[in-house]
Number of protein chains: 2
Amino acid sequence: MPNAKVLPLLESDAVVPCCPPLTERPMTAEEAESAARMFKALGDPVRLRLFSAVASHEGGEACVCDISDVGVSQPTVSHHLKKLKEAGLLTSERRGTWVYYRVEPSVLAAMGKLLAVPAAA
Amino acid sequence: MPNAKVLPLLESDAVVPCCPPLTERPMTAEEAESAARMFKALGDPVRLRLFSAVASHEGGEACVCDISDVGVSQPTVSHHLKKLKEAGLLTSERRGTWVYYRVEPSVLAAMGKLLAVPAAA
DNA sequence: CACCTGTATCGATAGACGTCAACATAGACA
DNA sequence: TGTCTATGTTGACGTCTATCGATACAGGTG
């Protein structure tokens, strides 16, 4: 049963239909505009640490209080989380006192596909 | 006796020893600094188009003259190509009149791994 | 109600970035 | 040599961005 196993997150059509792999054909201006937004969001060390902290946290979600120890002030943390949210990489939800952020797996997968390297050397 | 052909340390899974997948554990400040440089390089629409144009070009390399039609001036194209080079995403070589840029597949692969989504849902 | 804690927003500032015109450099060719 | 083309560099300018302190908002507790 070769096809009994479905790749969990990568096959979904829910994946943001951004663009074909970078190596497939030259991106159009619109595609580049859209994809660059996501790369840009991860192009800051603080945001990358925040995102990684959320992504690697148990259950793929984390309270701000769990991840805000990245060496910048609280307003700055909040600012970066907002940017990641605007880029579609994170979603947030308030539960009582705390706010929880979680990763958007489909977007992550879409970015991974963009960087896919063709099998042939 | 010298080897006729030595494979660079850049192939295989050894890739650039940047960082584990974003979802594996929180990145350290140093890892984030390094990885953010690469994402940042792709975080500009013009650079993304240039990179995609090179990556999708025949043989994985392209002359500047082949890809410089992205709607900005020639100095700006040169500036962005330099940035991509500094980020380790492209290499360049002059051959006669023209300068050819080619992608660094190992770096691309490393970025892809960074974004790898765990198989388990 | 008042108070405390966690998080977001505001306003200001310093520095980074994208862009261009002008100029410099490298190679081809006569 | 000189000139032409292709590409890189420089300097300047306007915009974006990361950061902070101060403040506002939300929800829990007493």
Side-chain angles (χ1 to χ4, degrees), chain A residues 27 29-30 32-54 57 61-103, chain B residues 27 29-30 32-54 57 61-103:
Chain A
M27 300 183 82
E30 292 77 18
E33 199 78 42
S34 151
R37 255 193 297 273
M38 303 188 299
F39 283 116
K40 192 178 200 173
L42 295 183
D44 177 273
V46 173
R47 277 198 294 272
L48 202 45
R49 289 187 73 188
L50 288 171
F51 184 80
S52 172
V54 174
H57 206 265
E61 79 169 15
C63 164
V64 176
C65 58
D66 288 328
I67 60 175
S68 48
D69 189 20
V70 288
V72 295
S73 69
Q74 177 269 322
T76 301
V77 168
S78 191
H79 165 74
H80 283 306
L81 288 173
K82 185 180 184 182
K83 289 273 187 145
L84 287 167
K85 219 167 97 175
E86 288 169 351
L89 293 169
L90 292 180
T91 59
S92 71
E93 180 194 358
R94 170 156 231 141
R95 288 209 288 275
T97 304
W98 297 280
V99 176
Y100 291 82
Y101 281 79
R102 66 167 42 244
V103 303
Chain B
M27 299 182 83
E30 292 76 18
E33 198 79 41
S34 152
R37 256 193 298 272
M38 305 189 297
F39 284 115
K40 192 181 205 172
L42 294 183
D44 177 272
V46 174
R47 278 199 293 272
L48 202 46
R49 289 187 73 189
L50 288 171
F51 184 80
S52 173
V54 173
H57 206 263
E61 79 169 14
C63 164
V64 176
C65 57
D66 289 328
I67 60 175
S68 47
D69 189 20
V70 288
V72 295
S73 69
Q74 175 268 322
T76 302
V77 168
S78 190
H79 166 73
H80 283 306
L81 288 173
K82 185 181 183 181
K83 289 272 189 145
L84 287 167
K85 221 168 93 174
E86 288 170 350
L89 292 169
L90 294 179
T91 58
S92 71
E93 179 194 358
R94 170 157 230 140
R95 289 207 289 274
T97 303
W98 297 281
V99 175
Y100 291 83
Y101 282 79
R102 69 167 40 246
V103 303

Please check the phosphate of [N] (OP1 and OP2 only) for any side-chain N or O of [X] closer than 4.0 Å.
X: Lys40(B); N: dA16(C); result: no
X: Arg47(A); N: dA18(D); result: yes
X: Lys82(B); N: dG8(D); result: no
X: Ser73(B); N: dC20(C); result: yes
X: Arg94(A); N: dA8(C); result: no
X: Tyr101(A); N: dA8(C); result: yes

What is the distance from [atom1] of [X] to [atom2] of [N], rounded to the nearest Å?
X: Leu81(A); N: dT9(C); atom1: CG; atom2: P; result: 11 Å
X: Ile67(A); N: dT7(C); atom1: CD1; atom2: P; result: 9 Å
X: Glu93(B); N: dT7(D); atom1: CD; atom2: C1'; result: 15 Å
X: Arg37(B); N: dA16(C); atom1: CZ; atom2: P; result: 14 Å
X: Arg95(A); N: dT7(C); atom1: CZ; atom2: C1'; result: 15 Å
X: Trp98(B); N: dG8(D); atom1: CH2; atom2: P; result: 14 Å

Where the side chain of [X] is defined as all heavy atoms beyond and including C-beta, which of [options] is the nearest nucleotide?
X: His79(A); options: dA21(C), dA18(D), dT7(C); answer: dA18(D)
X: His80(B); options: dA18(D), dG18(C), dT7(D); answer: dG18(C)
X: Thr76(B); options: dA18(D), dG18(C), dC20(C); answer: dC20(C)
X: Val64(A); options: dT19(C), dA21(C), dA8(C); answer: dA8(C)
X: Pro75(B); options: dA18(D), dA21(C), dG21(D); answer: dA21(C)

task: Enumerate the residue pairs fulfilling side chain to side chain donor-acceptor pair (under 3.5 Å) with a member in residues 32-47 of chain A, sequence neighbours excluded, ordered by first and then second residue.
output: Arg47(A)-His80(A)
- prompt: Could you give the distance from CZ (Arg95(B)) to SG (Cys63(B)), rounded to the nearest 0.5 Å?
  reply: 9.5 Å
message: Could you measure the distance from the CD atom of Glu61(B) to the OH atom of Tyr100(B)? Nearest 0.5 Å is fine.
response: 7.0 Å
field: First of Thr97(A) and Val46(A) reached from the 5' end of DNA chain D, by closest nucleotide
entry: Val46(A)
message: At 4.0 Å (heavy atoms only), tell me whether Tyr100(A) reaches a base, stays on the sugar-phosphate, or touches nothing.
response: nothing
- prompt: Which part of the nucleic acid, if any, lies within contact of Lys85(B), taking any heavy atom under 4.0 Å across all strands shown: a base, the sugar-phosphate backbone alone, or nothing?
  reply: nothing
- prompt: Given Tyr101(A), which of Leu50(A), Thr91(A), Val54(A) fulfils the side chain to side chain contact (heavy atoms under 4.5 Å, CB included) condition?
  reply: Val54(A)
query: Do Phe39(A) and Leu48(B) touch side chain to side chain, with heavy atoms closer than 4.5 Å?
result: yes
message: Taking donor-acceptor contacts at under 3.5 Å, does the side chain of Gln74(B) reach the base of dG8(D)?
response: yes
